[in-house]
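Notes for the one structure printed next.
Keep in mind that the numbers below use all heavy atoms, side chains included, and drop hydrogens, waters and symmetry copies. Order of the sequence lines fixes the chain letters, A, B, ..., with proteins taken first and strands second; residue numbering starts at 1 for each chain.
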Amino acid sequence: MSTVILFGTESGNSEFVAGNVADGLPAVSRVEDLAQFPVADFSPDDLYLIICSTYGTGDPPASARPFMAALDREKPNMTGVRFAVFGLGDSSYFESYSRGSEVVAEKLATLGATRVGEYGRHDASGLDDASDLAVTWAENVLQSVEA
Amino acid sequence: MSDAASPSVAVVGSGPSGCYLAQVLRKTWPKAAICVIDRLPVPYGLIRYGVAPDHQGTKTVTRQFDRLFEREGVRFLGNVEVGKDLPLQALRDAFDAVVLATGLHGDRRLGVPGDDHPAVYGAGRVTRLANTHPDEAHDDVRLGRRVVVVGHGNVAIDVLRLIVKSDVDFLNSDVDDDALAAMMAEPVERIDIIGRSPVEAAKFDTAMVRELGRIEGVAFEWPDGPPAIPVDDGENRARVEALASLPTVGSGSARVTVAFRFGWSPARVEDCQGGLRVAFSGKDGETLQLDVDSAVTAVGFTERAGLDIARSEVEAPGADLPTGRLDARLYCTGWFRRGPRGTIPENRADARMVAEAVVTDLGRGEASLGRPGVEALPPDVLAKAVDFRGWKAIEAAEVGAARAGRLRRKIKERAHLLDIVRAGATNNREDPSS
């Protein structure tokens, strides 16, 4: 089983966090931008950690939009595919600050994929460091999957 | 020494565009000598001085840039003004490539008679004051009781929000309380926010409007009638719906009233009994006069003649602005290249695009490479330069000086900033060539 991190970003924050999670977790085999990930490549053999921000009032970020469009177009069968989500956002702009990541998660679920682990969230207007939270989240997800 | 795999590059301007560009170059060339220069002793440009002080979440984008300077060998050279301390040509002689990411500092004027009235203030200036910019004196700005804000973009909404917020709304921000107190020595009672665009074409973000509605004690009114909700779906409709949902006058006790007006073009500014009269014309010839104590203009940013590097003066005949190429081994990115539009993510995309041009050109092997970079700069420039460690000493001092309910107390005086850097350097004696 490979653990793959996929990130969706506007400002590079999610990409930065994704890189830090990969640095902190030897199990992670690669980090890819959702914008560059072929939706046909999803495999039930692998575990996908999706780190994704929110744009505006609850939309997926720039690099997630081509991914969402590809899912709509190709409608891959995602039965057996497991993914976990860490959503970033800023509650000073939008109360439901990680809604962008939820939109991506919901789309994957409608195509048959299964969300595993805890839904991680980081509010930029809060006091926590996003990378610290995300590393802890990823460790917990891996543990719950192996259990 | 440098070569095609390891050229020397100077980026002028340490705001988002400059840092994003440095980020791509570092990823492409792990060993290149990359130097980011700023005229201020502190980095990060508009992230520190343009993003509103109550939008701390947006400012955390600096964490990814900190890594460039702290762990990835990109050098910060603060307190060096290219064009003043150091001629651009000297920089181009020292580095294989130079990228100008200096932004646009000046507030655009209204462009009507009287627009230079002393009580007409640029939004950039007001925001810089609230962000403790070293080059702004807050004694100069007095908003008074009645204010008109001209403009319908996010910058206008930022200024509006900073003016209407009360002290408790600034919890966990780093707003300059002294600047706010000076600008608002009298409490602001009424703000008209007005601009040319019709309501459905206003450029401010829906999220910014919703944020206004969450501030206690503010009532909104529609002197020209309530907004018509557009029939289309999407952002325009969401924006107008958000405007229409703002709490109106009469729905509680308000300490300040905000009136939204659309479809009015500024026509004239006149002095008027200790205040100003700002005249507007509507699209069908109607006229409107607002008698106010001050006007804040949020109608865009521009170069300041004689103070900033003028793009027209560095653009060679063969320049290709759409790709950021100004001249051989000279590039530009961000607002300096594309004009004053777009937030941080758009400038990230721009910087990444121009970085590709730099990588392509230098990798082609046509230009001779091998310029030494920082070491070739004049000793007096190197002596005055603030490095990233100096910035971290400033940051620690600002956090340490924070008042209750504030994240930091930013330091305004340049001399004070430099004193902290010097004191830190004395404590951290080390090989100056490292």
Pair B:Arg67-A:Asn20, side-chain donor/acceptor within less than 3.5 Å:
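Their side chains do contain a donor-acceptor pair, which is all the 3.5 Å distance test asks for.
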
What residue in B:Ala349, B:Gly57, B:Pro16, B:Ala242 has the most heavy-atom pairs under 4.5 Å with chain A?
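When all of B:Ala349, B:Gly57, B:Pro16, B:Ala242 are compared, B:Gly57 has the most.
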
Donor-acceptor pair, side chain of B:Arg214 and main chain of A:Ser92, under 3.5 angstrom:
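Such a contact is found between B:Arg214 side chain and A:Ser92 backbone.
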
Using a 3.5 Å distance criterion without hydrogens, assess whether the side chain of B:Gln56 forms a donor-acceptor pair with backbone atoms of A:Ala124.
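Side chain of B:Gln56 to backbone of A:Ala124, a donor-acceptor pair under 3.5 Å: no, none is there.
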
Are B:Gln23 and A:Glu15 close enough, and set up right, to give a side-chain contact (heavy atoms from CB on, under 4.5 Å), and what steps lead you there?
CA-CA 12 Å; B:Gln23 200 179 52; A:Glu15 178 170 7; over 6 Å; no

Which atoms of A:Ser131 are under 4.5 Å from chain B, going by heavy atoms: the side chain, the backbone, both sets, or neither?
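For A:Ser131, there is no contact with chain B at all, as no heavy atom is under 4.5 Å.
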
Where does A:Asp90 contact chain B at under 4.5 Å (heavy atoms): side chain, backbone, both or neither?
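Contact with chain B is through the side chain of A:Asp90 alone.
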
Quick one: of A:Gly56, A:Ser125, A:Gly12, who has the most non-hydrogen atom pairs under 4.5 Å with chain B?
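Option with the greatest count: A:Gly12.
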
Nearest non-hydrogen partners of A:Asp128 and B:Arg63, listed with the distance:
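Residues A:Asp128 and B:Arg63, closest heavy atoms: O-NH1, 4.3 Å.
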
As a quick check of understanding, evaluate side-chain contact (heavy atoms from CB on, under 4.5 Å) for A:Glu10 and B:Thr343, giving each step before the final call.
CA-CA 10 Å; A:Glu10 286 272 336; B:Thr343 53; over 6 Å; no

All salt bridge (Lys or Arg N to Asp or Glu O under 4.0 Å) counterparts of B:Glu216, not counting sequence neighbours
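Partners of B:Glu216 by the salt bridge (Lys or Arg N to Asp or Glu O under 4.0 Å) criterion come out as none, since no residue qualifies.
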
Results of salt bridge (Lys or Arg N to Asp or Glu O under 4.0 Å) for A:Glu118 - residues two or more places apart only
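Salt bridge (Lys or Arg N to Asp or Glu O under 4.0 Å) list for A:Glu118, sorted by chain: empty.
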
Counting only heavy atoms from other residues, nucleotides and ligands, does the tally under 6.0 Å from CZ of B:Arg403 exceed 12?
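It does: B:Arg403 CZ has more than 12 such atoms within range.
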
Determine whether more than 12 heavy atoms belonging to other residues, nucleotides or ligands lie under 6.0 Å from atom NZ of B:Lys203.
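Incorrect, the count does not exceed 12.
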
Can you run down the salt bridge (Lys or Arg N to Asp or Glu O under 4.0 Å) pairs that involve residues 52-61 of chain B, sequence neighbours left out, and say none if there aren't any?
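Non-adjacent pairs meeting salt bridge (Lys or Arg N to Asp or Glu O under 4.0 Å): B:Asp54-B:Arg161, B:Asp54-B:Lys165.
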
Counting only heavy atoms closer than 4.5 Å, note whether B:Arg239 contacts chain A via side chain, backbone, both or neither.
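Neither part; nothing is under 4.5 Å.
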
Spatial distance of atom OG1 (B:Thr60) from atom CG (A:Asp129) [nearest 0.5 Å]
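One finds 9.0 Å between OG1 of B:Thr60 and CG of A:Asp129.
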
From B:Thr62 atom OG1 to A:Asn13 atom CG, the distance as rounded to the nearest 0.5 Å:
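Between B:Thr62 OG1 and A:Asn13 CG, I get 9.0 Å after rounding to 0.5 Å.
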
Toward chain B: residues of residues 32-47 of chain A with heavy atoms under 4.5 Å:
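Expected list: none.
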
